[in-house]
Structure formats: structure tokens, C-alpha cells
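None of the values given here were measured: they were computed from a predicted structure. These values consider heavy atoms only, across backbone and side chains, with no hydrogens, waters or symmetry-generated copies.
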Amino acid sequence: MEQMSYKRRGQHLPGPALVLPFFGNVVSMVRDPAKFWDDQARAARKCGLSWNVVFGRFVVFVRDSELSQKIFANVKPEVFHLIGHPFGKKLFGEKNLIFMFGEAHKDLRRRLAPLFTLKALGVYVSIQENTIRKHIIRWLEMAKNPEPVQLRLLCREMNLETSQNVFVGPYLSASARAQITRDYYLFNVGLMRLPVYLPGFSFYKATHAVQRLIRTLGDCASQSKQRMREGHEPTCLMDFWMVETLREMKEAEQAGSPPPPHSSDMEIGQHVFDFLFAAQDASTSSLVWVATLLEQNPKVLEKIREEQRQIRCDPNSPITPEQLREMKYTEMVVKEVLRFRPPATMVPHIANVDFPLTDSYVVPKGAIIFPSLLESSFQGFSNPHTFDPERFSPDRVEDQVYKRNWLLFGAGPHQCLGQRYAINHLILFTALFCRLASWTRIRTPGCDEIMYTPTIVPKDGCLIYLSARHDEE
């Protein structure tokens with residue numbers, strides 16, 4: 001009966017011939033996620049869709065860009081819910097930004113908009129640049145010992161410190177930073193494990209780590225409110241948010257109204273955790289692919305270095321926001337890295353109704369839908385399997401021509417708020433790393449295969465020999 005039920009919901013779509021009761025194909029997904037999703041993509045080549053079952057949940061894989069756009073455009077209470085993870089509400093918490101809809105969601109995005117103005121981004125650029133430069137210099141000191149390093153581990157540590165500094169920098173003690181590092185590691189591990197909510201299991205540890213992270217970040221919100229009340233200038237993302245929050249709280253108090261929504265310390269901590277999650281793993285993935293793909297494309301690497309020499313005569317001088325905007329070719333390279341290897345390859349949603357996705361297929365209520373950003377990135381674009389930053393030049397502007405395939409920041413009401421921040425971060429790293437360092441990849445069998453962590457990275461984590469680079473080289 002169960003097998004027949006799955007076949008009926010899959011209708012004419014390609015899917016597995018036999019599904020293991022209760023577990024479905026969750027074991028193969030956890031054991032080798034890259035193969036699991038590659039198999040789904042291959043099955044979906046003819047009609048753009050395929051189906052499978054994970055832990056008893058019927059899932060639909062969406063390969064076609066237009067169908068993905070249709071899903072993103074219908075993220076609303078009565079159609080599709082963005083869930084971020086098949087068991088996201090348990091892991092992220094019920095009040096997470098990705099689970100919000102309608103006016104409440106619009107209101108929160110409006111409140112978050114001042115966090116990403118040009119003024120705010122300019123403050124973040126200085127923090128990002130200082131943190132990235134400090135880590136690269138430390139990596140080069142480590143490299144004097146002629147041992148290979150795994151760049152993924154170095155970038156993960158650098159990104160976590162960068163996010164902490166940018167989001168809540170002045171409010172974290174050394175012990176709080178260490179606790180965030182430990183808790184975020186537990187959260188990351190739990191993302192990729194079986195969702196067993198019992199003591200001792202990774203998923204259980206992850207959910208409790210998230211609660212501790214939110215409490216820590218909520219305490220930072222309290223400290224920021226106090227500092228902004230005293231009239232200090234904003235020095236991090238939390239401060240920019242608290243300036244607006246305190247203004248709205250004062251207006252509400254004068255009008256005799258209750259405090260505005262999303263103004264309590266714990267609510268703010270929840271949303272800053274959302275930013276931490278969005279910034280951490282995706283950026284780590286993209287930074288690793290920057291080094292991997294530039295090592296494979298030395299002509300592109302040399303053009304970046306030439307642009308950097310023209311914009312910044314002294315490689316040790318700080319990068320200003322104005323100089324960052326001049327780095328047109330470096331930005332083209334960053335965009336191509338994001339297209340070629342989008343860090344978050346899928347964005348899971350759940351169907352709240354039976355939804356006619358195509359003329360011949362209705363997604364059944366309760367199904368989990370996986371629009372593939374990776375597959376979309378290789379549709380439409382000219383020679384999509386070639387790494388070609390020039391596709392984003394003013395003459396070709398393929399990000400506009402094929403913008404319906406350019407989905408790495410999502411689309412619709414839940415499109416990423418911090419995409420300019422993310423691109424700035426990648427440009428800064430690319431500019432500094434290419435100017436200060438030389439690196440050689442250690443090639444091993446299968447090193448370029450994709451590994452899910454949960455974002456994608458090369459299977460070897462980008463194992464390299466690293467050395468300091470003299471500018472005249």
C-alpha cells in the first residue's frame with residue numbers, strides 16, 4: 001500500500017522502483033549526498049522533475065529553472081512554505097525568518113533594510129577587510145612550515161570570526177566567542193545527521209546549540225541597546241539595527257502603544273542567528289571555490305592581480321569602499337564562482353496544498369520540494385560548463401539576460417537581504433588572497449568532486465601548498 005501510495009503521488013515522474021519502508025532513501029542521501037542528488041538531477045533531465053522518499057516524506061526534485069521560479073513566486077501560507085531543511089522548524093526554531101509570511105515577513109524585512117545601506121556596508125567593509133587580512137597573514141606564517149593546509153578549515157574559522165566581528169563585534173567576550181564557535185560546530189554537524197531527537201545524537205545536540213547561540217546573541221542585543229541609548233556611533237550590524245529599534249520603541253512608548261514587534265532581545269538574537277547561518281557556510285564554500293577555480297584558471301588569476309595593482313599600488317594599504325566598487329573584474333570573477341558553484345545547491349519548501357506545478361503534474365500536499373540552484377546555473381547561460389567571468393561584463397551582462405537562471409540568492413519574497421554584503425566579502429577575500437599569497441593545489445583522485453558540508457566544497461577541502469607572494473612576481 002505504501003509503495004502504491006508513493007507511485008500515485010509521483011504519477012508519471014521518474015523515481016525509485018522500490019522504497020524502503022519508513023526510512024525511504026535517507027541512508028543513501030546521508031552516506032553520499034552528492035551521488036543522491038546527482039541521481040535525482042539525471043532522472044529529471046527529460047521532464048524537469050523527479051521524486052524520491054526520505055524518512056517517509058515524499059520529495060520532489062526540481063531541475064527546471066522556470067519551475068523553480070514558479071515555486072519561489074508562490075511562497076505564501078496557502079501554497080509553499082520555505083523550510084531551509086527537511087526538519088528545519090525543530091532545528092532552527094519556529095520564529096526563524098525563513099518561516100515567516102505575508103505582512104509580518106514584509107514588516108521584518110523593512111526593519112532589517114537599514115542594516116544593509118551604503119553607510120552600514122561601508123562600516124562592515126573595514127571590519128571584513130581587517131579580519132580577512134589578519135587571517136591571511138597568519139596563514140602565511142603557518143605556511144613557513146612546508147606542510148599542505150586544507151583551505152576549507154582555515155576559511156571556516158576566518159568566516160566565523162568575520163561574522164562575529166561584523167554582526168556583534170564589541171559585545172562578545174573571549175569566552176562567548178569560544179562558546180559560539182563550539183555551538184556553531186555542533187549545529188553544523190547536526191545539519192548533516194539523521195534527525196533523531198534523543199540525548200547523545202547529533203541532531204539533539206544541534207537543536208540545543210541553536211538555543212544557546214540565540215541566548216548569547218540576545219545578550220549582545222541588550223548590550224547594544226544600552227550603548228546606542230548613550231549616543232555612540234554604530235560600529236557593527238547589531239548597532240545599526242538597535243538605532244532603528246530604539247527609535248521605534250520610543251515612538252511606541254510616547255503613543256502609549258505596546259513595543260514594536262521583533263524588538264525583544266531574544267527575538268533579535270534569533271534573527272541574528274539567521275544571519276550567522278546565512279553568512280557562515282555559504283561564504284566558506286564560495287571562498288574555497290575561489291581558490292580552487294583560480295588555481296585552475298591562471299589567466300583569470302593574473303587579470304585579478306593586474307586590476308589590484310592598478311587600483312592599489314600598495315598591497316598593504318586598507319581597501320576602502322570606493323576602491324571596492326572599482327574592482328569590476330574581480331566582481332565578475334566572484335559572480336562566476338557563485339554561478340559555477342552556488343554554495344547552497346537547493347532550497348527546500350513544503351507544499352501546503354495540491355499545487356499544479358506543470359500542465360501534467362500536481363505536487364501533492366505535504367511533499368517537500370527541492371528547487372535546484374545548481375542545475376539552474378547551467379541552464380540558459382552561454383557555454384555554461386565553461387568558467388568564464390567575462391559573461392558578466394558590460395557587453396554580455398548574462399546575469400541580466402539569464403536572470404531567471406541566476407538563482408543563487410533566491411527569488412521572490414524570500415530573496416536574500418544580504419547579497420551585497422556577501423559579494424563584498426568575496427571580493428575582499430579574492431583581492432587580498434590573490435595579492436598576498438601564491439598557492440599550489442595538491443591533486444588527488446576525486447579531489448574536485450563535490451562534497452556536501454552542507455554547502456558544497458571540493459572533496460579534499462582544497463588541499464594546497466601556500467606561500468607569501470612578492471608583489472613584483
Worksheet item: Is Pro261 close to Asp107 at the side-chain level, that is, under 4.5 Å between some pair of heavy atoms?
Response: yes

Worksheet item: Quick check: does any side chain N or O of Lys70 sit under 3.5 Å from a backbone N or O of Leu357, one acting as donor and the other as acceptor?
Response: yes

Worksheet item: Can the ring centres of Phe80 and Phe72 be said to be less than 6.0 Å apart?
Response: no

Discussion item. Check this for me, if you would: do Asp354 and Lys365 make a salt bridge, where the nitrogen-to-carboxylate-oxygen distance has to be below 4.0 angstrom?
Written reply: no

Discussion item. Is the terminal nitrogen or CZ of Arg31 (NZ for Lys, CZ for Arg) located under 6.0 angstrom from the six-membered ring centre of Phe36 and within 45° of that ring's axis?
Written reply: no

Worksheet entry | Sub-6.0 Å ring centroid separation between Tyr184 and Phe187 | yes

Worksheet item: Do His349 and His81 make the cut of ring centroids closer than 6.0 angstrom?
Response: no

Worksheet item: Is any side-chain N of the basic residue among Asp460 and Arg441 closer than 4.0 Å to the acidic one's carboxylate O?
Response: yes

Practice prompt. Look at the rings of Phe23 and Phe55 and say which category their plane angle falls in: under 30° parallel, 30 to 60° tilted, over 60° perpendicular.
Written response: tilted

Worksheet item: How about Thr386 and Phe340: do any of their side-chain heavy atoms sit closer than 4.5 Å?
Response: no

Worksheet item: Under the side chain to side chain contact (heavy atoms under 4.5 Å, CB included) criterion, do Arg152 and Cys155 qualify, and how do the steps go?
Response: CA-CA 5 Å; Arg152 180 175 76 89; Cys155 286; 5.9 Å; no

Worksheet item: After noting the C-alpha distance and the side-chain angles of Leu49 and Thr358, does the key distance pass the side chain to side chain contact (heavy atoms under 4.5 Å, CB included) rule?
Response: CA-CA 10 Å; Leu49 301 167; Thr358 70; 4.1 Å; yes

Discussion item. If you count every heavy atom of other residues, nucleotides or ligands that lies below 6.0 Å from Phe116 atom CZ, does the total exceed 12?
Written reply: yes

Fill in: Contacts of Tyr171 that satisfy ring pair (Phe, Tyr, Trp, His ring centres under 6.0 Å) - sequence neighbours left out
none

Discussion item. Taking Ser283's backbone N and O only, do any of them form a donor-acceptor pair with Ser286's side chain (distance below 3.5 Å, no angle check)?
Written reply: no

Worksheet entry | Asp399 and Lys335, any side-chain heavy atoms less than 4.5 Å apart | yes

Practice prompt. Measure from NZ or CZ of Arg339 to the centre of the six-membered ring of Phe381 and say whether it is under 6.0 Å with the direction within 45° of the ring axis.
Written response: yes

Item to complete: Rounded to the nearest 0.5 Å, what's the gap from OG1 on Thr284 to CG on Leu153? Could you check?
Response: 10.0 Å

Fill in: Test log, rule ring-ring contact (aromatic ring centres under 6.0 Å, His included), inputs Trp406 and Phe392
CA-CA 11 Å; Trp406 175 248; Phe392 296 104; 5.2 Å; yes

Worksheet item: Do Asn165 and Arg177 meet the criterion of a side-chain donor-acceptor pair at a distance under 3.5 Å?
Response: yes

Response to the item:
Scanning both residues in full, the closest heavy-atom pair of Ala422 with Phe409 reads CB-CE2, 4.2 Å

Worksheet entry | With sequence neighbours excluded, residues passing ring pair (Phe, Tyr, Trp, His ring centres under 6.0 Å) with Trp139 | none

Worksheet, complete the sentence: dist Leu374:CG -> Leu407:CG (nearest 0.5 Å) comes out at 11.5 Å

Discussion item. Test your reading of the model: is there a side-chain donor-acceptor pair from Gln128 to the backbone of Leu426, 3.5 Å cut-off?
Written reply: no

Worksheet entry | Backbone of Lys7 reached by a side-chain donor or acceptor of Gln11 within 3.5 Å | no

Discussion item. Parallel, tilted or perpendicular: which one describes the rings of Tyr6 and Trp51, with boundaries at 30° and 60°?
Written reply: tilted

Discussion item. Could you check whether any side-chain heavy atom of Leu294 comes within less than 4.5 Å of a side-chain heavy atom of Cys434, counting everything from C-beta outward?
Written reply: yes

Worksheet item: Can Ile456 and Trp289 be said to form a side chain to side chain contact (heavy atoms under 4.5 Å, CB included), step by step?
Response: CA-CA 9 Å; Ile456 59 170; Trp289 285 114; 3.9 Å; yes

Worksheet item: Would you say the side-chain atoms of Arg396 and Ser382 include a donor-acceptor pair closer than 3.5 Å?
Response: yes

Worksheet item: Is Arg138 paired with Glu157 through a side-chain N to carboxylate O contact shorter than 4.0 Å?
Response: yes

Worksheet item: Between Thr131 (side chain) and Ile127 (backbone), is there a donor-acceptor pair under 3.5 Å?
Response: yes

Worksheet item: Is a donor on one side and an acceptor on the other found under 3.5 Å between the side chain of Ser285 and the backbone of Thr455?
Response: no

Item to complete: Name all residues meeting the ring pair (Phe, Tyr, Trp, His ring centres under 6.0 Å) criterion together with His425; count only those two or more places apart in sequence or in a different chain, and write none if there are none.
Response: none

Practice prompt. Could you tell me whether a side-chain N or O of Gln280 sits under 3.5 Å from a main-chain N or O of Leu160, the two making a donor and an acceptor?
Written response: yes

Worksheet item: Charged N to carboxylate O below 4.0 Å: is that the case for Arg42 and Asp38?
Response: no

Worksheet, complete the sentence: CG of Leu186 to CG of Leu213, rounded to nearest 0.5 Å, is 9.0 Å

Worksheet item: Does the pair Arg63 and Ser68 meet the rule for a side chain to side chain donor-acceptor pair (under 3.5 Å), with working shown?
Response: CA-CA 8 Å; Arg63 182 179 182 273; Ser68 294; over 6 Å; no

Discussion item. Walk me through whether Ile450 and Arg341 qualify under side chain to side chain contact (heavy atoms under 4.5 Å, CB included).
Written reply: CA-CA 9 Å; Ile450 288 175; Arg341 289 291 182 265; 4.0 Å; yes

Fill in: salt bridge (Lys or Arg N to Asp or Glu O under 4.0 Å) evaluation trace for Lys76 with Glu103
CA-CA 11 Å; Lys76 53 187 85 169; Glu103 291 305 314; over 6 Å; no

Worksheet item: Closest approach of Tyr361 and Arg9, non-hydrogen atoms and distance?
Response: OH-O, 2.9 Å

Fill in: Side-chain (Ser376) to main-chain (Ser372) donor-acceptor, under 3.5 angstrom
yes

Practice prompt. Supply the atom-to-atom distance Gln40 CD to Arg45 CZ, rounded to the nearest 0.5 angstrom.
Written response: 12.5 Å

Worksheet item: Is any side-chain heavy atom of Val79 closer than 4.5 Å to a side-chain heavy atom of Val75?
Response: no

Fill in: N-O pairing of Glu398 and Arg404 below 4.0 Å
no

Item to complete: Taking the six-membered ring for Trp and the single ring otherwise, decide whether the centroids of Phe275 and His271 are under 6.0 Å apart.
Response: no

Worksheet item: Do Tyr124 and Asn424 come close enough that some side-chain heavy atom pair is under 4.5 Å?
Response: no

Worksheet item: To the nearest 0.5 Å, what is the distance between CG (Leu276) and CG (Leu237)?
Response: 11.0 Å

Worksheet item: Looking at OG of Ser65 and NZ of Lys403, how far apart are the two atoms once the value is rounded to the nearest 0.5 Å?
Response: 14.5 Å

Discussion item. Is there a side-chain contact between Tyr204 and Leu198 in this structure, where contact means two heavy atoms from C-beta onward sitting under 4.5 Å apart?
Written reply: no

Worksheet, complete the sentence: Between Asn405 and Gly380 the two heavy atoms that sit nearest each other are OD1-CA, 4.2 Å

Discussion item. Within the structure provided, determine whether Phe378 and His385 are in side-chain contact (heavy-atom separation under 4.5 Å).
Written reply: yes

Item to complete: Using only heavy-atom distances, determine whether the side chains of Ser5 and Glu2 contain a donor-acceptor pair under 3.5 Å.
Response: no

Fill in: Whether Ser377 side chain and Leu373 backbone form a donor-acceptor pair below 3.5 Å
yes

Worksheet entry | Exam field: side chain Glu336 to backbone Asp388, donor-acceptor pair closer than 3.5 Å | yes

Worksheet item: Is it true that Lys459 and Asp448 have a side-chain N and a carboxylate O under 4.0 angstrom from each other?
Response: no

